[in-house]
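What follows is a single structure, written as structure tokens, with notes after it.
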Amino acid sequence: MKKIKFEQLIFIIATIWYVLTAYLSNGYFHPDEHYQIIEFAGIKDGTNTAKDLTWEYHAQIRPAIQPTICYFIFKVCNLFSITNPYDKAFVLRLITSLLSVLVIYFFTNSCKNLVTDKYWKPFVFLSYFIWFLPCINVRFSSETWSGIFLLLALAFVIREKRDALSYILLGSLLGLSFLFRFQMAIPALGLVLWILFIRKESISKIGLILISAIVLVAIGVFIDLWFYGNWTITFWNYFNENLIEGKAKQFGTSPWYYYFYVIFVYSFFPFGILILTAFFLLTFKKFNSVFVWTILPFLIVHTFISHKELRFLFPIINLVPIVLILAIQEISSKSWVRSPTKLIKGISILLLIINTTGLVVASFKPAGAGGMRITQEINEMNTKKPLTIYFVNDDNPYSPWNITTNFYAEPNSEIIKIDLSQQINIPAIDSNKKNVLIVNMRNVKNEKVQNFIANTHMKEQCKNVSNFMIPVLELYGYPNYEFIMLYSD
């Protein structure tokens with residue numbers, strides 16, 4: 001019997017882990033993942049009208065490729081009688097998770113000439129299992145999909161196949177990455193410039209890359225035409241609305257050092273320090289690295305854009321493992337490095353424990369604030385009675401930003417807000433109705449809410465995260481209003 005190679009074993013384990021993460025990590029990390037993809041797709045299947053959608057639809061600033069993919073995936077789901085919205089959303093995450101592990105496998109095997117035997121196994125393991133990778137790599141979001149195709153493009157470059165077909169494929173992948181997220185033009189440009197100035201490839205090969213990328217972008221224009229119903233250049237609309245007109249600033253601005261701060265804070269100590277140190281070391285010691293030429297322009301441009309969000313870094317997040325390993329190789333090759341073996345083992349074990357803790361919590365908790373964990377529980381109650389959904393203050397997971405959410409809407413239901421600043425009228429329990437209450441852990445302690453629960457004879461059904469996760473998340477700084485509870489009669 002042929003022995004399974006280490007990278008194949010890790011691939012099998014990663015596939016199982018990512019699929020499980022896709023199943024458990026329901027909901028969405030950021031509203032754009034849902035409202036500008038799934039709800040957008042609803043314009044084509046008839047579940048939404050233009051007035052139901054966010055302003056981005058009317059401004060025509062979002063590429064239609066991902067809502068279109070979503071629309072056709074849902075059509076296939078319907079053919080197989082998969083009609084439950086939560087099952088459909090899982091299918092999107094399942095496809096993303098499988099695509100992610102396949103591309104990571106291809107990329108890691110492309111790096112065999114870059115990584116020494118000593119660090120090969122750690123590199124393969126980290127490429128799948130740095131704690132934040134699975135929960136990001138299952139998201140059906142523009143950040144994740146654009147990053148997947150950038151990673152695949154880099155794999156083709158590293159393999160150093162220089163025939164015409166390879167460069168056509170490379171340009172096509174960069175074009176796809178751009179179509180999923182327009183900001184990917186920045187790392188794509190850095191990659192092409194590296195091929196031109198560092199690899200010193202011919203102008204004709206650069207032309208093949210650019211022509212194939214332009215063809216993909218042109219295909220994207222036709223997809224936008226079908227989706228929006230008129231000729232439009234969505235990437236120009238995006239640039240004009242957000243940068244020239246300054247629309248993005250309305251969603252908040254951050255200082256230039258914001259991304260360095262969030263990498264340090266949100267990577268789970270001490271990973272943030274290691275990531276930043278590794279990248280700076282690689283930049284100064286290996287400036288001719290293709291990864292530096294890809295990542296550095298992306299970071300510089302985003303540093304100067306005033307509106308910043310953590311998720312904007314997700315497209316390059318799968319490059320963290322190779323950056324870490326190349327930096328470690330650079331340090332370990334120096335003669336002055338003589339670290340005690342016991343110290344290195346001790347640090348490695350500590351990092352493994354921290355990483356495993358973060359991996360379990362991040363992979364198996366619902367995405368974002370976790371409101372969809374609550375709504376899915378309501379959906380699974382499968383009550384045939386009319387449903388009344390009470391929520392306290394702003395704890396309405398069906399419409400957390402006062403945006404229409406038709407995809408997850410429960411039929412035959414009424415949603416009622418309990419405003420703690422007002423007098424609460426406690427309803428008489430109607431046996432012909434199913435009543436549920438959604439409240440966060442801070443508001444549940446309020447006397448008015450306690451009276452409401454007592455008088456309606458409701459009992460706790462679930463929380464948006466498992467009880468064992470709460471102490472870890474609190475230690476990590478989660479406020480108690482992020483923990484949402486569901487009560488029902």
Is the distance between the ring centroids of Phe156 and Phe106 under 6.0 Å? yes
Results of side-chain contact (heavy atoms from CB on, under 4.5 Å) for Phe304 - residues two or more places apart only: Ile300
Pairs involving residues 287-314, ordered by first then second residue, that meet salt bridge (Lys or Arg N to Asp or Glu O under 4.0 Å) (sequence neighbours left out): Asp32-Arg311, Glu143-Arg311, Glu309-Arg311
For Glu7, give me all partners under salt bridge (Lys or Arg N to Asp or Glu O under 4.0 Å), at least two apart in sequence or on another chain. Lys112
What pairs with Gln60 under side-chain contact (heavy atoms from CB on, under 4.5 Å), at least two apart in sequence or on another chain? Tyr228, Asn230, Thr232, Asn237
Partner set under ring pair (Phe, Tyr, Trp, His ring centres under 6.0 Å) for Phe264, not counting sequence neighbours: none
Show me the pairs that pass side chain to side chain donor-acceptor pair (under 3.5 Å) and involve residues 68-77, at least two apart or across chains. none
Taking only distance into account, with no hydrogens and no angle test, what donor-acceptor pairs under 3.5 Å do side-chain atoms of residues 356-371 form with protein atoms, sequence neighbours excluded?
from: Thr356; atom 1: OG1; to: Leu352; atom 2: O; distance (Å): 2.7
from: Thr357; atom 1: OG1; to: Ile353; atom 2: O; distance (Å): 2.9
from: Ser363; atom 1: OG; to: Trp17; atom 2: NE1; distance (Å): 3.1
from: Ser363; atom 1: OG; to: Leu359; atom 2: O; distance (Å): 2.7
from: Lys365; atom 1: NZ; to: Gly368; atom 2: O; distance (Å): 3.1

Please list every donor-acceptor pair under 3.5 Å in which a side-chain atom of residues 266-274 meets a protein atom from a residue at least two apart or in another chain.
from: Ser267; atom 1: OG; to: Ile263; atom 2: O; distance (Å): 2.8

Identify, with sequence neighbours excluded, every residue that meets ring pair (Phe, Tyr, Trp, His ring centres under 6.0 Å) alongside Phe239. Trp236
Does Phe312 offer a backbone N or O that forms a donor-acceptor pair with the side chain of Tyr259 under 3.5 Å? no
If you look only at distance, which donor and acceptor atoms sit under 3.5 Å apart when one is on a side chain in residues 92-104 and the other is two or more places apart or in another chain?
from: Arg93; atom 1: NE; to: Ala22; atom 2: O; distance (Å): 2.6
from: Arg93; atom 1: NE; to: Ser25; atom 2: O; distance (Å): 3.3
from: Arg93; atom 1: NH2; to: Ala22; atom 2: O; distance (Å): 3.1
from: Thr96; atom 1: OG1; to: Leu92; atom 2: O; distance (Å): 2.8
from: Thr96; atom 1: OG1; to: Trp145; atom 2: NE1; distance (Å): 3.0
from: Ser97; atom 1: OG; to: Arg93; atom 2: O; distance (Å): 3.4
from: Ser97; atom 1: OG; to: Leu94; atom 2: O; distance (Å): 2.7
from: Ser100; atom 1: OG; to: Thr96; atom 2: O; distance (Å): 2.9
from: Ser100; atom 1: OG; to: Asn137; atom 2: O; distance (Å): 2.6

Under the side-chain contact (heavy atoms from CB on, under 4.5 Å) rule, collect the residues that match up with Ser413, sequence neighbours excluded. Leu387, Ile389, Glu410
Sorted by chain and residue number, the side-chain contact (heavy atoms from CB on, under 4.5 Å) partners of Thr54 (sequence neighbours excluded) come out as Tyr35, Gln36, Phe40, Glu56, Ile403
Qualifying residue, where the test is side chain to side chain contact (heavy atoms under 4.5 Å, CB included) with Ile438 and the options are Asn396, Val392, Ile378: Ile378
